[in-house]
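Quick note: numbers below take in every heavy atom, side chains included, and nothing from hydrogens, waters or symmetry partners. Residue numbers begin at 1 in each chain, while the letters A, B, ... track the order of the sequences.
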There are 2 protein chains.
Amino acid sequence: MITLYLAEDQSMLNSALTQLLDLEDDLHVLGSAGDGATAWQDIQRLKPDVAILDIEMPKLTGLDVADKIHESDLPTKVIILTTFAQKAYFERAVAAKVNGYLLKDSPSDDLIAVIRKVMTGQTIYAPELVTNMVTAESNPLTDRELAVLAEVASGLSSKQIAASLFLSEGTVRNYLSAIFSKLGVHNRIEAVEMAKRNKWLA
Amino acid sequence: MITLYLAEDQSMLNSALTQLLDLEDDLHVLGSAGDGATAWQDIQRLKPDVAILDIEMPKLTGLDVADKIHESDLPTKVIILTTFAQKAYFERAVAAKVNGYLLKDSPSDDLIAVIRKVMTGQTIYAPELVTNMVTAESNPLTDRELAVLAEVASGLSSKQIAASLFLSEGTVRNYLSAIFSKLGVHNRIEAVEMAKRNKWLA
DNA sequence: AAAGTGGTGTGACAAATGTCATGTTTTGCG
DNA sequence: CGCAAAACATGACATTTGTCACACCACTTT
């Protein structure tokens with residue numbers, strides 16, 4: 001009997017999967033949560049064989065929970081279940097040594113299959129991800145540039161950003177200029193749009 | 001026996017719900033699709049009692065499909081199943097006379113309950129929506145302003161927008177100024193962010 | 001018919017933005 | 001170490017952006 005824990009903040013999917021997984025003879029769902037913090041507490045207590053974690057959740061992301069599981073040497077294996085094939089997320093997941101990484105546009109039967117494979121010690125990554133890895137942009141910005149862009153994204157002016165980061169206004173504008181050049185765009189709007197699309201912010 | 005059709009582009013949710021709904025004694029899923037166009041074709045042919053439609057899907061949105069069902073006088077009742085409580089969507093759904101409107105952060109049991117209620121002739125809207133209706137902003141922009149903002153959102157400069165809409169550059173900037181004033185913001189970034197959040201664009 | 005209202009359109013002006021040339025640390029790396 | 005590449009920082013300059021006062025028109029209201 002494989003014991004499971006499910007962390008997924010969309011209730012419709014959470015409850016549907018919980019019920020569906022529990023119907024399998026060899027699977028049993030010990031519990032589920034809609035946020036990362038609750039999930040982490042439950043997982044420490046329940047020690048499931050496999051934790052299925054969404055990434056974007058309140059309080060703690062699935063990747064944060066995966067890190068904690070790994071740090072604490074829990075026996076629990078981790079499957080990340082997320083919406084998009086995002087290079088940034090995938091890289092963090094690989095670094096966290098997750099046992100599986102599956103996209104939500106796979107059918108639920110795939111999830112069941114991955115759970116069983118992970119329990120045999122295999123590591124399973126969705127093929128779309130490997131493909132996407134090649135094409136997807138890697139974040140070319142430095143920490144400082146990213147900090148500036150984050151402020152721009154929340155609507156601050158160069159002057160406000162300068163004050164916030166203790167820089168001269170010219171410096172801020174220069175970072176912006178460097179950002180535009182690196183991203184191949186020509187203004188703040190486009191830069192912010194690209195950064196959001198690639199999840200480079202926050 | 002209530003026959004169902006499910007249109008949902010996230011395979012994980014689609015397949016999980018399909019299986020789960022089919023387990024109920026009085027429900028039967030005739031088919032499902034991951035895009036609106038396929039769904040519309042199938043629904044015409046299969047004439048299910050209830051169609052459960054996601055809004056954001058490829059080809060045709062769930063709201064488009066709902067309109068078509070209504071126009072064609074099909075007997076099929078419509079339940080919209082979507083992620084966020086978005087005033088703009090909800091208004092269109094009400095205009096399309098849908099029989100139910102449910103959020104994906106409701107548990108799957110709620111969906112089953114709503115299906116049965118809708119079949120008795122009731123119309124069911126998620127309570128979060130009615131609450132949200134009061135607080136949510138209604139789009140205060142004129143058509144012209146919206147056209148300008150849409151171009152801004154795709155990163156064009158005032159000069160480019162002026163050329164595209166056959167206006168003087170000053171006029172474009174004046175529209176922007178009016179937009180900022182109406183939205184209570186002070187620059188393009190914030191205006192675009194607000195418009196995107198409220199789905200006022202495209 | 002006059003007055004009011006809201007959408008549309010314009011140019012002048014001040015402020016913010018983006019580019020560039022340049023200098024100063026910090027960080028690999030042979 | 002030495003030194004090259006990258007990151008960090010600044011001010012001068014031209015362009016773009018945002019504000020404002022104003023004008024025109026269509027459409028109500030009085």
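- A donor-acceptor pair under 3.5 Å is absent between the side-chain atoms of A:Asn198 and the main chain of A:Trp200, judged by distance alone.
- B:Ser164 places no side-chain N or O within 3.5 Å of a backbone atom of B:Gln160 that could act as its donor or acceptor partner.
- Side chains of A:Asp105 and B:Ser11: a donor-acceptor N/O pair is absent below 3.5 angstrom, by distance only.
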Residues 54-67 of chain A side chain polar contacts: donor-acceptor under 3.5 Å, at least two apart:
unit_1, atom_1, unit_2, atom_2, d
A:Asp54, OD2, A:Lys104, NZ, 3.4
A:Glu56, OE2, A:Tyr89, OH, 2.8
A:Glu56, OE2, A:Lys199, NZ, 2.6
A:Thr61, OG1, A:Leu63, N, 3.3
A:Thr61, OG1, A:Asp64, N, 3.1
A:Thr61, OG1, A:Asp64, OD2, 3.2
A:Asp64, OD1, A:Arg92, NH2, 3.2
A:Asp64, OD2, A:Thr61, N, 3.2
A:Asp67, OD2, A:Arg92, NH2, 2.8

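- A donor-acceptor pair is defined here as one N or O able to donate and one able to accept, closer than 3.5 Å; such a pair exists between the side chain of A:Thr18 and the backbone of A:Asn14.
- Using a 4.0 Å cutoff to heavy atoms of chain A, the contacted part of DNA chain C runs 5' to 3' from C:dA16 to C:dA21.
- Residue pairs meeting the ring pair (Phe, Tyr, Trp, His ring centres under 6.0 Å) criterion with at least one member in residues 43-66 of chain A, sequence neighbours excluded, do not occur.
- No donor-acceptor distance shorter than 3.5 angstrom exists from the side chain of B:Gln10 to the backbone of B:Met12, with no hydrogens or angles considered.
- The end-to-end axis angle of the helix from C:dA1-D:dT30 to C:dG30-D:dC1, rounded to 10 degrees and based on five pairs per end, is 30°.
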Between protein and nucleic acid, restricted to nucleotides 7-9 of chain D and to nitrogen or oxygen atoms under 3.5 Å apart, what atom pairs and distances do you find?
unit_1, atom_1, unit_2, atom_2, d
D:dC8, OP2, A:Thr142, OG1, 2.7
D:dA9, OP2, A:Arg144, NE, 2.7
D:dA9, OP2, A:Tyr175, OH, 3.0
D:dA9, N6, A:Asn174, ND2, 3.4

Every protein N/O within reach of nucleotides 13-17 of chain D N/O, cut-off under 3.5 Å:
unit_1, atom_1, unit_2, atom_2, d
D:dT17, OP1, B:Arg188, NH2, 3.4
D:dT17, OP2, B:Ser158, N, 2.9
D:dT17, OP2, B:Ser158, OG, 3.1

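- B:Ser72 places no side-chain N or O within 3.5 Å of a backbone atom of B:Leu74 that could act as its donor or acceptor partner.
- Distance alone, capped at 3.5 Å, places no donor-acceptor pair between the B:Glu151 side chain and the B:Ala147 backbone.
- Looking only at distances, no side-chain donor or acceptor of A:Asn99 sits under 3.5 Å from a matching main-chain atom of A:Gly121.
- Of the possible polar contacts, none joining the A:Asn187 side chain to the B:Leu156 backbone as a donor-acceptor pair under 3.5 Å is found.
- Side-chain N or O atoms of B:Thr76 include none that pairs as donor or acceptor with a backbone N or O of B:Lys47 at under 3.5 Å.
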